[in-house]
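Heads up: numbering here begins at 1 and tracks the sequence.
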Amino acid sequence: MKLKLSHISNIKDNTLQITGSKSETNRLLILQSLYPEIEIENISNSDDSQLMQAALCSTDEVIDIHHAGTAMRFLTAYFATRDGRQTILTGSKRMQERPIRILVESLRQLGCKITYEKEEGYPPIKIAGQNPLTNSVSLAANVSSQYISALMLIAASLSNGLEINLEGKVTSIPYIKMTLSLLKDVGIEGRFQNNVIRIKPAKVVSPKVVVVESDWSSASYFYSIVALSQNGRVTLGSYKKNSYQGDSALIDIYKKLGVETNFDQNKVTLTKTSLSLDYEVLELDLANSPDIAQTIAVTCFGLGKACYLTGLHTLKIKETDRLEALKTEIEKLGGKVTITDDSLRLAPATAINPDISIATYHDHRMAMAFAPLALRTSLFIDDADVVSKSYPDFWNDLKKLDFKVL
């Protein structure tokens with residue numbers, strides 16, 4: 001589906017209910033499968049979370065998780081430690097290009113039996129589930145936090161718990177802390193100190209209802225919309241000040257881009273301010289929140305501001321190579337972008353080319369990150385249905401803000 005987006009006025013003040021966090025939901029679904037006493041409310045309606053639920057309920061030997069990267073990582077650890085369960089875990093063509101070796105090697109350290117069905121180091125993988133032989137594992141600290149969280153989530157179900165030794169500088173710390181906080185919420189003891197994560201064993205947990213906070217990554221697109229508006233305001237639910245999600249860094253980042261954030265009970269209101277953006281280059285290290293890099297880069301482009309974003313090494317192994325994709329699409333619009341393996345530099349733009357078709361590369365965040373530019377120019381979004389991966393209601397919510405979506 002190809003959509004044309006435009007906007008002829010300032011955004012309409014409205015209140016939107018954002019779906020539950022995909023990151024929190026998928027972690028809790030693994031925990032719920034291990035501990036049925038857990039009840040989850042405000043579950044994400046994203047494709048990824050639905051695929052996770054279906055996989056956990058399936059008795060089939062072959063599990064296809066399509067484009068769901070989180071599901072691939074979490075389910076690899078889950079099935080590898082389910083004694084007697086035989087599973088072939090596969091996914092889309094792009095998923096079969098995304099590395100899994102580091103997690104597989106970590107699980108093999110524990111004594112798990114995993115082999116590759118095609119190319120070494122990549123899905124599909126064949127898993128012969130069994131009880132791990134040891135309770136200690138070591139892996140590089142600068143890898144995707146999903147590998148580390150995958151191990152943390154199954155740790156308490158092991159007879160002796162698990163000790164995870166992280167070697168080197170840890171990246172994406174907020175996601176590790178999120179996993180640790182959710183474990184604590186359901187009654188599992190764990191700690192993260194001096195690059196070592198220790199999770200105590202737990203055969204059962206007390207019955208518990210856990211409410212998933214709404215997704216801060218999804219909120220980022222509305223921060224961008226307000227920043228690019230003349231004097232807009234949008235209210236979003238349901239959010240909390242002390243969020244587990246690293247992408248809540250949006251609050252401080254977008255203050256530098258002219259957006260004020262105010263909390264009222266479980267809602268957050270974003271308001272355009274008259275803040276003078278008097279810096280030459282917005283410099284940000286996004287190692288702890290790489291999923292909002294695309295949104296920030298597009299916002300800066302729309303505002304005509306230069307930015308230099310670092311800490312982006314994990315973006316090359318997402319749904320697409322997001323750094324290359326950003327460079328290609330922003331330059332189609334008239335911008336100038338320079339990238340390295342872990343950074344993006346955007347020069348200040350003086351004009352935006354109209355009626356450009358934005359390729360999304362099967363990446364939900366490409367579609368949603370570029371959509372706010374409709375406040376500055378008309379544009380097309382290719383393969384617009386891709387937003388269902390994390391935010392199925394996105395286009396309908398834009399219509400509520402008076403965007404023209406055709």
Side-chain angles (χ1 to χ4, degrees), residues 20-44 49 52-53 55-58 70-71 73-85 87 103 106-114 127-139 145-166 170 172-213 242-245:
S21 161
K22 177 166 67 78
S23 296
E24 288 189 21
T25 295
N26 287 351
R27 284 162 170 78
L28 287 167
L29 287 172
I30 292 287
L31 292 173
Q32 184 185 53
S33 187
L34 296 171
Y35 303 100
E37 303 89 349
I38 299 169
E39 185 178 339
I40 311 171
E41 293 184 356
N42 196 34
I43 284 179
S44 169
S49 293
M52 178 72 88
Q53 286 179 290
L56 290 168
C57 293
S58 176
T70 308
R73 278 76 177 264
F74 290 0
L75 290 171
T76 295
Y78 174 81
F79 287 126
T81 53
R82 299 309 98 197
D83 192 30
R85 176 71 188 262
T87 309
L103 178 57
S106 299
L107 289 163
R108 284 174 173 174
Q109 285 182 50
L110 296 175
C112 297
K113 294 182 178 179
I114 305 173
I127 303 168
Q130 64 176 51
N131 296 319
L133 304 175
T134 182
N135 69 328
S136 180
V137 64
S138 299
L139 70 162
S145 63
Q146 290 180 8
Y147 298 148
I148 301 166
S149 288
L151 296 168
M152 294 172 68
L153 290 168
I154 53 90
S157 69
L158 309 183
S159 56
N160 294 309
L162 188 61
E163 178 180 284
I164 305 168
N165 297 283
L166 303 178
V170 184
S172 298
I173 289 175
Y175 287 100
I176 295 173
K177 289 185 174 179
M178 174 198 290
T179 305
L180 206 58
S181 295
L182 291 171
L183 289 171
K184 183 179 178 181
D185 284 351
V186 302
I188 293 170
E189 291 186 53
R191 61 176 177 153
F192 177 25
Q193 190 174 23
N194 299 327
N195 274 35
V196 179
I197 302 167
R198 291 184 176 88
I199 311 293
K200 290 188 176 182
K203 289 185 177 181
V204 295
V205 299
S206 300
K208 183 86 174 181
V209 176
V210 183
V211 180
V212 178
E213 182 187 15
N242 299 317
S243 176
Y244 295 159
Q245 299 173 50

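Annotation: the span from Ile154 atom CD1 to Leu110 atom CG amounts to 6.5 Å, rounded to 0.5 Å. With rounding to the nearest 0.5 angstrom, the CE atom of Met52 is 6.5 Å from the CG atom of Leu29. Atom OG of Ser149 is separated from atom CD1 of Ile164 by 8.5 Å, given to the nearest 0.5 angstrom. Atoms CD1 and CG, from Ile114 and Leu107 in turn, are 4.5 Å apart once rounded to the nearest 0.5 Å.
Residues satisfying the salt bridge (Lys or Arg N to Asp or Glu O under 4.0 Å) criterion with Lys200, sequence neighbours excluded, are Glu189. Taking Tyr244 as the reference, Asp185 meet the side chain to side chain donor-acceptor pair (under 3.5 Å) condition, with sequence neighbours excluded. With sequence neighbours excluded, no residue forms a side chain to side chain donor-acceptor pair (under 3.5 Å) with Tyr147. Judged as a side chain to side chain contact (heavy atoms under 4.5 Å, CB included), and not counting sequence neighbours, the contacts of Arg108 are Val104, Glu105, Tyr116. Applying the side chain to side chain contact (heavy atoms under 4.5 Å, CB included) test to Ser145 and every residue at least two apart in sequence or in another chain returns Ser172, Tyr175, Ile176. Residues satisfying the side chain to side chain donor-acceptor pair (under 3.5 Å) criterion with Thr70, sequence neighbours excluded, are Gln146. Residues satisfying the side chain to side chain contact (heavy atoms under 4.5 Å, CB included) test with Asp83, not counting sequence neighbours, are Gln130, Asn131. Looking at residues two or more places apart in sequence or on another chain, you find a side chain to side chain contact (heavy atoms under 4.5 Å, CB included) between Gln193 and Arg191. With sequence neighbours left out, Ser33 forms a side chain to side chain donor-acceptor pair (under 3.5 Å) with Tyr78. Checked against salt bridge (Lys or Arg N to Asp or Glu O under 4.0 Å), Glu163 has the following partners two or more places apart in sequence or in another chain: Arg198.
Counting only N and O atoms by type, the side chains of Gln245 and Ser23 include no donor and acceptor under 3.5 Å apart.
Closest of all the heavy-atom pairs between Ser106 and Leu151 is CB-CD1, 4.1 Å. The minimum heavy-atom distance between Ser159 and Pro201, with the atom names listed, is O-CB, 3.6 Å. The nearest pair of heavy atoms linking Leu162 to Ala155 is CB-CB, 3.5 Å. Ala202 approaches Tyr35 most closely through the heavy-atom pair O-OH, 2.6 Å. Across Leu31 and Ile38, no two heavy atoms sit closer than the pair O-CD1, 3.7 Å. The two residues Ala80 and Ile127 come nearest to each other via the heavy atoms CA-CG2, 3.4 Å.
Counting heavy atoms from C-beta on, the side chains of Met152 and Ile197 come closer than 4.5 Å. Contact of the Ile199 side chain with the Ile188 side chain is registered, since non-hydrogen atoms from C-beta on lie closer than 4.5 Å. Residues Leu103 and Leu139 form no side-chain contact, since every pair of their non-hydrogen atoms from C-beta on lies 4.5 Å or further apart. Contact check for Pro132 versus Thr81: side-chain heavy atoms found under the 4.5 Å cut-off. Two residues are said to be in side-chain contact when any heavy atoms from C-beta on lie closer than 4.5 Å; Gln109 and Ser138 meet this criterion. By the 4.5 Å heavy-atom criterion applied to side chains, Val186 and Leu28 are counted as neighbours.
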Audit row: Thr179, Leu153, side-chain contact (heavy atoms from CB on, under 4.5 Å) steps and yes/no: CA-CA 7 Å; Thr179 305; Leu153 290 168; 3.8 Å; yes

Checking Glu213 against Ser243 for the side-chain hydrogen bond (donor to acceptor under 3.5 Å, both in side chains) test, could you report, in this order, the C-alpha distance in whole Å, the side-chain angles of both residues, the deciding distance, and whether it holds? CA-CA 8 Å; Glu213 182 187 15; Ser243 176; 2.7 Å; yes

If you apply the rule side-chain contact (heavy atoms from CB on, under 4.5 Å), what do you find for Gln53 with Ser58, and how did you get there? CA-CA 9 Å; Gln53 286 179 290; Ser58 176; over 6 Å; no

What verdict does the side-chain contact (heavy atoms from CB on, under 4.5 Å) test give for Ile30 and Leu75, after you've listed the backbone C-alpha separation in whole Å, the side-chain angles of each residue and the deciding distance to 0.1 Å? CA-CA 8 Å; Ile30 292 287; Leu75 290 171; 4.1 Å; yes

Show, in sequence, the C-alpha distance, side-chain angles and deciding distance for Glu41 and Val212, and conclude whether the side-chain contact (heavy atoms from CB on, under 4.5 Å) test is met. CA-CA 6 Å; Glu41 293 184 356; Val212 178; over 6 Å; no

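In terms of modelled atom types and a separation under 3.5 Å, the side chain of Asn195 and the main chain of Leu166 share a donor-acceptor contact. Here the side chain of Thr25 pairs a donor or acceptor atom with the backbone of Ser44 at under 3.5 angstrom.
Contacts classified as salt bridge (charged side-chain N to carboxylate O under 4.0 Å, His left out) and involving residues 20-30 (residues at least two apart or in different chains) are given here: Lys22-Asp48.
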